[in-house]
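Beneath this line is the structure, given in C-alpha cells, with notes to follow.
Per chain, numbering begins at 1; letters A, B, ... match sequence-line order.
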Amino acid sequence: MEITEIIFYILAFAGVVSALVTVTAKNPVYSILSLVVCFFTISAHYVLMNAQFLAMVNIIVYAGAIIVLFLFVVMMMNLNEIPEMAKKLAWKLAAAVGAGGLLLVFVASLKVTDDLIQATPDESIGMIHTLGQVLLGDFLVPFIMTSILLNSAMIGAVLLTKRENKLQKA
Amino acid sequence: MPSQNLYIAVLALPLIGFLVNALFGKKLPKSLVGAIASGVVLVPFIIILTTFFSLLNGAEAIHVNLLNWFTVGSYSVNFGLQLDQLSVIMVMLITGVGFLIHLYSISYMHDDENFSRYFSYLNLFVFFMLILVMSDNYLGMFIGWEGVGLASYLLIGFWFKNNDYNDAAKKAFIMNRVGDLGFLLGMFFIFYYTGSLEFSKVNEALGLGAMVPALTFIASLLLFIGATGKSAQIPLFTWLPDAMAGPTPVSALIHAATMVTAGIYMVFRSNLLFSLAPQTLEIIAIVGIATALYAAVVGLVQNDIKKVLAYSTVSQLGLMFLALGVGAYTTAFFHVLTHAFFKALLFLGSGSVIHAMGGDQDIRNMGGLRKYMPITFITFLIGSLAISGIPPFSGFFSKDEILAMAFQQNIVLWALGVAASMMTAFYMFRVVFLTFFGEFRGTKDQKHHLHESPLLMTLPLVVLAILATVGGFMGLPHVFHAPHLLNEFLAPIVVQVGEAHGHLDVNTEYMLMGAATLGAIISISIAYVMYISKAQVPGEDASYTGLSKAANKKFYVDELYNTVFVRPAQWVSEFLYKAVDKVLVDGIVNMTGKLSLITGDIMRSFQTGQTAFYILAMVLSVCFILGYFLIGIK
Amino acid sequence: MGTIIITTVLGLLGMVMDMLKMRKAIVIISSIVLLGLSAFNAVAYWGLDTAFYSNMIVVNNFSVAFSSLLLGVSGLLILLADKFFERESEKISDYVSLFIFALVGALMMVSYGNMASLFIGIEILSISLYVLAASNRKSLASNEAGLKYFLMGAFMTGFLLLGITLIYGVTGSFDIAEIQSALLTKPSSPLLITGVLMLVAAMLFKASVAPFHFWAPDVYTGSPSLVTAFMSTVAKVAAFGAMYKLFAEALVAKMPEVEPILVLFIILTFLIANFSALKQTSVKRIMAFSGVSHAGFLLLAIVSSNFGEGGNLFYYAAGYAAASVVAFTVIIYVSHVKGNDQVDSFKGLLYARPGMAIALIIATLSMAGIPPLAGFLGKYLVLLATVKAQYTYVAVLAVITSIVSIYYYFKVLIAMTQKVEDASAFTCPPVVYTIVAWIGVVALIVLGVVPKYFVGLF
Amino acid sequence: MNVEILSGVTVQQYIWLSAILFAIGVFGVLSRRNAIIIFMSVELMLNAVNLLLVAFSRMHADTAGQVFVFFTMSVAAAEVAVGLAILVMLYRNMKTVDIDVLSKIKE
Amino acid sequence: MIVLTLLILPFIGAILAALAGNRAANKIALLSTVATLLYTAKIYFDFSNGTTDGLAFSTQWLTEPNISFSLTVDGLTLLMLILTNLLVPVIVLSGLGATQQNSRAFYALVLVMQGALNGVFMASEGFVFYVFWELALIPIYFIALLWGADHTRKITFKFFLYTLAGSLFMLISFIILYLVTGDLRIESLQGLSLNGLGQTLIFIGFFLAFAIKIPLVPFHTWQADTYTAAPTQGTMLLSGIMLKMGLYGLIRWLLPIVPFAVAQYTPVIMTLAVVGVVYGSWIAIQQNNIKRLFAYSSLAHVGLIVAGIFSLKTIGMTGAIVQMLAHGVNVVGLFFAAEIILRRTGTLDLTALGGIRNVAPWFSTYFFIMLLASVGMPLTNAFVGEFMLLFAVWQYNTVLGIIAGLTIILAAVYLLRMFQRAMLGNTNTVTADFQDLTLSEHLTFIPLIILVFVLGVYPMPVIELVQPVVNQIIQLAAI
C-alpha cells in the first residue's frame, strides 16, 4: 500500500462524501460549501497527478469565482430560508435508478476494457510552459474562440439581468 | 334494280325526316311536318317495292357494305345492309303499314301541341326498325333493336307530364334492356365461336359445326331471352299492356305491327342456330303457348279497349312463338304479316273510336257506335273476324297453319292453341258487341260529339281492312292445291336441318280447320248471347270475384315482380349505400384517421413539460443503449 | 477560416456600432454582409481543401457548402430582427451580435478539425441560444424555455465532454483525423463505444432526435419566434453538419456498430414527432414537431449514405432550412399582428394577405414533400438511399408517417383558406418580411426544379 | 490489465472515481427541484470529467488533455454566468427557482 | 421539341390568366386552351401522317440519381392528350355562364392542372411521371377547397390525403425499380424480369396509387363526397380527366412492368372491378342527389374499364381506351347538365326537382342525349367501348361477364329514374321559371354531343390510333 494510494483513497472518499452532501443537503448553502470541499479534493487529485497549475486554476475558477457566484445568488434569493419542496420518493428512486444505471453500464464498460496503454510517463506535461506552448500553439483557435464564448456569455448575462430603465424610474 | 345509294337512302330518309322535324318542326306548319314525316316513309316503301319484284323474279339478294365499324385483332364488325327476301318483306311491312299509320296520325294527333315531336319520334322509330331488319349482322340488328326500344320509350312517354306514362315508358325500356342483355350475351357466344357476327358467315360457320350442341343451346336460349323482351313473352311481357299509355297509332305501329315482331324476325333470321338447338325450340314452344293462353285469359276480362287489344297482341305473339317453337319459321312469319294487318287495323279502329269518345277508352261507356261511325265499325269488324280466324279472312290461314304445325308436333300444343284462339274470338267480339252494338252508355256530351273520323283516318282503316281480308291468300294451305307463295318466296332464308316436315293428310287438315273455325264461331256466339241477347255490361273492376278478379288483375304478375325484383333491389341499394358504403368501407377509412389521432394523444402525453422527466428519459435511453452494447460485446 | 474570422469581426462590430449610436444600420449591414459573405464563401473557397492552425479548422467543400447555407439563412433571419425587436430597439445590437456569435459557433461546428473546436463551437452556439431563448424577459414562457433549454443543454454538455474524454482516453488525441486513424487500427473497446455513444447522444440532443428531442417542442414554443426560427434552421443544420463530420471523419470505423441504434432512433423520431404534432394548436409547436420529424429524415440521410457522402444531407438541409425560413417569417408576421400563433389566428390570411399566405402554402407543400419543390426531391433522394441501404422498412415507415404529417401541415394551410368576416387585423406586412419569405420560396423552387447544382456535391 | 498512472494508483481507479462523481451529479440533477442545486450538480459532472481528462492526459503523457480542461473550465464559467443570469431573471418574475413549477409548456 | 411546347403552353396560359384581371381571366383561359387544342390537333395530324419526329424529348435532369426528363408521344398518349385538351376548353367554356369569384386564380389553377395532366400522359420516365402525377393533384385540391362549399374542407382534405397516400406507395415502387434498373425510363422498365416478391411489392405500390385515383372499390369512398362537394368544373376535371390518369397508369405503368404479379392478382382485381360495376350502379339506383348519383355511376363505368384492361385481351384493352375517351366526354356532359340545374334552381335534389322538360326543351334534349350515351345506347360513343369491354370480360370469365352485363340494365334503371324525377312530370315552384340554355351553354354542349355521335358511329380512327400500343402492351403483359 503506497502513500499515494492511501492519499488517493482519502481524497476520493472525501470527494464522494462531499459530492453526496452537495446533492442531498436540504439547505443550499450547505451543498455549496460541500461542493467547495469536493472541488478542493479534485484539485488535490490534480496536484497528485502533477498538474499543479491546473489545480490552482481549478481552485481559483471554481472555488474562487463560480462557487462565490452561486453563494451570492443563493443569498440574494435567500433560498436558504424558503425550504425547497422535496420530490416524491418514487421520483427520487427513479433518479437513483437512472444515475445508478448510468454508473453501472459505465463501470461495466470499464470492467471489460483492456486496451488502455501506458505511455512513458512524462512529468513535464503539467508544467506551465508546456501548457502555454500547447494552449497558444495547437489550440490557438479554440483559445481565441473561447473569448467569443465568454463575450457572448457576458452580453447574455447583461441582456437578461440588466434592469429596465422604466423600472428604475418606478 | 336500284343502285346501292338508294338503299342507303331507304335508311337515311327517315333519319332525315327525324332530324328535320326534331330541329325545325316547331317552326314548320303542321301539314308540312306531316307530309315530310309520311313522305320519308313512303319513298322507301316504293324503292323497296321495286326490289321486292326484282327478287320475286329470282334476282340475287342485295348486299350493301357501309363501313368497317371496328376491327380489333381477329374481331371485326362491318356495317352492312342486306336486302334478301325476309328483310324486303319486313321493310315493306314497316314502311307500308308505317306510312298508313303516319297518315292516320296526321289527323289523329292534329290538336296535339307536340305534333312535330311526335312525328320526329315516329320517323326515328322507322329508322331504327329499318336498321334492325336491313342490317346484315347481329350487331347492326342489336343497334336497331335498342333503337326501337328507345323510340318506343319516347313514344310511350310522349305525354311526359303524366308520371304514370313515364313509369310505363321506363318499364318498357328497362324490361327490354333485360332482354337485350340476353341478346348481347348470345351475340358474344356467336361472335366468339363463329368469329363473326354477319348472318351469312355465322350460318356458314354453324354449318361447319362451329358450335357444339350445348353451345348452340345456350346461345340460342340467350337470343330467345332477348326475343321475349322485345316480343313481350313470358316472363318479360308486362311492359306491353302498360305501353298502351302511348298515342294509339303508336300502339298500332310499334306495339302491334312491327316492333314487337322483331323477336320473331330475329329467331327467323337465326333459324339455323335455333334448328341446331331443339331443346331451345321446345322451350320456345312452351313459352309461346303459355303466353298465348295467359294473355288470352287476361284479355277476357279487360274493359279498356286498348288493353284488350294489347293482351290479344301478346297472345298472338305467343302463337307466333309457338310456331317458331315447332320449327315452322315461315308460318310464324306468315302470322306476323297477317297479324300486322289486322292488329294495326284494330288499333287504328279503336283509335278512331277513342277519338270519337273524346279519349275515353272504357268499353263499358261505349255501345251502339255503329250508327255513328259505320266505316270504323265495318273495318273493326273485319279485323275482329280476321283475328278470330274466320275464313276467308287472313287470320284464318295463318293461324290454321300454326295450329296444323303444332298438331304435327304435339297434339297438346294444338289443343291449347285452339283454346287460345277461341278465347281470342270471344274477347274480340265481346269488344265489338259492347262497343258497336246496343245503346250508347257514355255521357251526354260524349254522345253529342260522336262522329265518324275524318278521311285521313278512315282511309288507312279501309286499306288495312282490305289487306286483312286478302292477306291470307299469300299462304294458302296446300290442301287447296294452290302455291304457298310466302313459303316459296322465303325458302332461301330457311335452312333445313334434318328432314323437312311431311304434310298432314288432307282429312286431318280439313278436320283441324273445321275444329278451329267451329271453335271461333262457338265463342263468338257465346259472346253474342252474353252481350247482345242478355245485353250484359261488365261491372266495376271491384265487382269481379275469384278467378275473373285475378284475371282482371293480370294474375298479379306486376305485383309479383314488384315484390320479387323491384323492392328488394331498392332495399339492397339502400343497404349498400347506408350500411356497406358509409359505415363499413368508409368507416374503415375514417377509423385509420381516428386511430392516428388517438396515437397522437398518447404520444403527446409523454411531453410532460417536466425538465427532470425529460432528463431522466434521456439518461435511461443512454443507459439502455450502453447496456445493449455491453451485452452485445460480452 | 476567413469566413469565420469575418463573421466574428462582424459580431464584434455590431457592439461597436451600438456604442457609436449606429443602431439603425446594424441589422441591415450585418445581414447584407452575411448574405454577401455566403455568396463569396461559396465562390471563393469552393474546391479548396485545407486545414488551418494545426487542423483546428478544416475547410473543404462540405464545410464551404454548409457555411454558405448557414450564412445565408442567418442573413435572412437577421433581416427580420429590426421589426421583430421593435419594442426594445435599444438592445438590438445585443441581439444581433448574439445571433452572429451563435452563427460563428455554427460555422465552427461544420468546419472543425479537432474536438476542442467542435466543443467550443457547440458551446458558443448553445450559450448564445440559451440567452436568446430566454431573451423575452417579460414572458414566462420565454423564461421557462430558456431555463429548460439551459439546464438540459448544460446537462448534455456533460455527456458531450465525457464522450470526448473517453475517446481521448482510448485514442490519446482530440484531432479527428488522428482519432479516425487510431480507431481504424484499434479493436472496439467498450470504453470507446461508451464514449462514442455519449458523444452521439449529445449530438442527437442538439439535433433534437428522439428520444433526446423533448426539449425542442417546449423550447421552440416558449422562445421568441425569431429565435425559434434560428434554432430550427441554423442550430439544427449546424448540429447535423457537425454530426456528419463526426460520424464520417472521426468515428466512421465504429459507426457500423452504432448504426442499428441510430435506425431505432430514426424510427422513434418519425413516430413520436409526427403523431404528437397531430393535435397541436400552436403553429410554432407544430413547426417544432415537424422540425423533429425532419431531424429524423436528416439523420436518415446520414445513415443511409453509410456515412460516406453528405450530398443528400446538404440538399435536404437546404430545402428544410429554406422552407422553415419562409414558414417562420409568416408565423412571425401573423403572431405579430394577432398576438398569438394559434392555428385559428391564420384564418382568412389567404384572402387578406395572399402574398404571405401563398408563400406559407408553398413552404408547407415543400415540407410535406410535394413535387416539384425542394422538399420532395430531398425526401426522394433520402428514401432512395435508404432503400438502397436495405432499410426498406424504414422507408415505408417514413412514407407512412409523412402521410400523417400532411394532416398537421394542412391544418395550417386549410385554416388560411377559411373566410373570416373581419380580416382587418392582418395589417400590411413589413416589406422585409415579404422579401424574405419570397426569397425563400424562390430558393425552394430553384432547388426543386434545377437541382443539378445542389445534389451530390460531396 | 491495469495501467498505473501513479505509484499504486491505476487509471481505472480514476475512472471509477469520476464515474461515481458523474453519477452523483446526474442523481443530483434528477432528484432536486431547486434549479441552482441542479445547476451545481451539473458543475459536479463537469468536474468529474475534468478529473478524468487529467488522468487520461497523464496516462497518455499528453498535454492536450490538460489543455482541454481549460476549455471545460471556461465553458463552465460561461455557463454559470448565463445560467445564473437566467435564474435571477426567472426569480424576479416568479419568485421561485423550482423547476417543477416551471412546467407550463407541455404536450 | 414539339412535345415540350405542348407541355409548356398551358403553363404560359396559367401565368397569363393569373396576371389578367378577374373579368378577362376566363376568356384568356379559353383562348389558351383552344390554342393547346389546336396544337394537339396539329400533332395528331402529323402523327397520323406518320411524321413522328419531335414527338419524343429527353434531357438529363440529374446524373446521380440518374433522372432524365423524358417525354414521348405515342398513339395512346396522343389519345389521352386529345381527351384532355379537348375537355379542358369545354370545361372552361362551361364556366363562362357562371359568376366566379377571383376567377384568375381559379383558371390559373385549371390551366396548371391541364399542363400537369399533359405531363402525366407524356412522361416516359418514372420520376417525371410521378412529379406530374402529384402536381396534378395540387390544383384540383385547391379548386375543390377554395371554390367548394364551406363544409367541404374535411371532404376535400380526405380526398387529398387519400390519393396522396396512394401515390406515395407508388413512389416506393419507383424507388425499388430504380435500384433494379438504374434508371426509370419506361423502355428500360418494360419487360423487366423481376423475382416474384419484387414484382408483388412494386405491383402493390402502383396498384394502390392507381386504384385510389380511379377509384376502384373499395378505395372509392372519397369519390362521391368530393364530386358532390367540389365546384362542378372541378368535378368535371376530376371525373372527366383525372381518373383517366389512374387507368392510363394501369395500362402504361403497371401491366408491362410487372406482368407476373399482374397475372397473379388478375382474378382478384377482375372480381373487384366487376363487383364495383354492380356495386356502383346498384347504389346509384336510390341516390337523390344528382351529382352523387353520377359519382356512383362513374364508379360503375370505370370498374368495367378496369375489368377490360385486366382481361389482358386486345379487344378488352382497346375497348377500355375507347371507353376512357367516351366516359370522359359523357361524364363531363352529365356534370355540366347537373351544373346547369344547380345554377338555375340551386338544388340537385331529385325530390325537389321535376318537369324541367316542359320549360327547357333544348336543355332536356341535350341532357337526354348525354344520358343515352352513358346508358350505352348504340350509335353513341359509350356503346362500342361497352360492347368490347363486356365481350372481353365475358371471354375472361362467363359468370363475371354476365354480372358485369347487369350494368346495361342498372344503368338504364338509375339514369332513367333520375331523368324522370328531374326533368319529366309537371313543373313545380323550384323549376317553374327554369330558363333554357344560354348561348355559351349551347356551345359547351354541342361539341360534346358531336363527339358522342361521331365516336359512336365511327370509332375506327381511335382504335387505329391506339392499336399498335395496345398490341405492344398486351405482348409485354401477357405471359
Using non-hydrogen atoms and a 4.5 Å limit, figure out which bit of [X] sits close to chain E: side chain, backbone, both or neither.
X: B:N590; result: side chain
X: B:M187; result: side chain
X: B:L67; result: side chain

(request) To the nearest 0.5 Å, tell me how far E:N426 CG sits from B:N163 CG. (result) 8.0 Å
(request) Hey, could you give me the CZ/OH distance between E:F391 and B:Y192, rounded to the nearest 0.5 Å? (result) 8.0 Å
So which part of [X] gets closer than 4.5 Å to some heavy atom of chain B, the side chain, the backbone, both or neither?
X: E:T318; result: side chain
X: E:W394; result: side chain
X: E:Q467; result: side chain
X: E:R292; result: side chain
X: E:L390; result: both
X: E:V217; result: neither
X: E:Q395; result: side chain
X: E:K158; result: side chain
X: E:F387; result: both
X: E:I463; result: side chain
X: E:V384; result: both
X: E:D225; result: side chain

(request) For atom OH of B:Y561, decide whether the heavy atoms of other residues, nucleotides or ligands shown that lie under 6.0 angstrom number more than 12. (result)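 Atom OH in B:Y561 is packed in, count exceeds 12.
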(message) Under a 4.5 Å cutoff for heavy-atom pairs, which residue among B:E146, B:R117, B:K161 has the most contacts with chain E?
(response) B:K161
(request) State whether the side chain of B:W69 and the backbone N or O of E:V457 hold a donor-acceptor pair below 3.5 Å, judged by distance alone. (result) yes
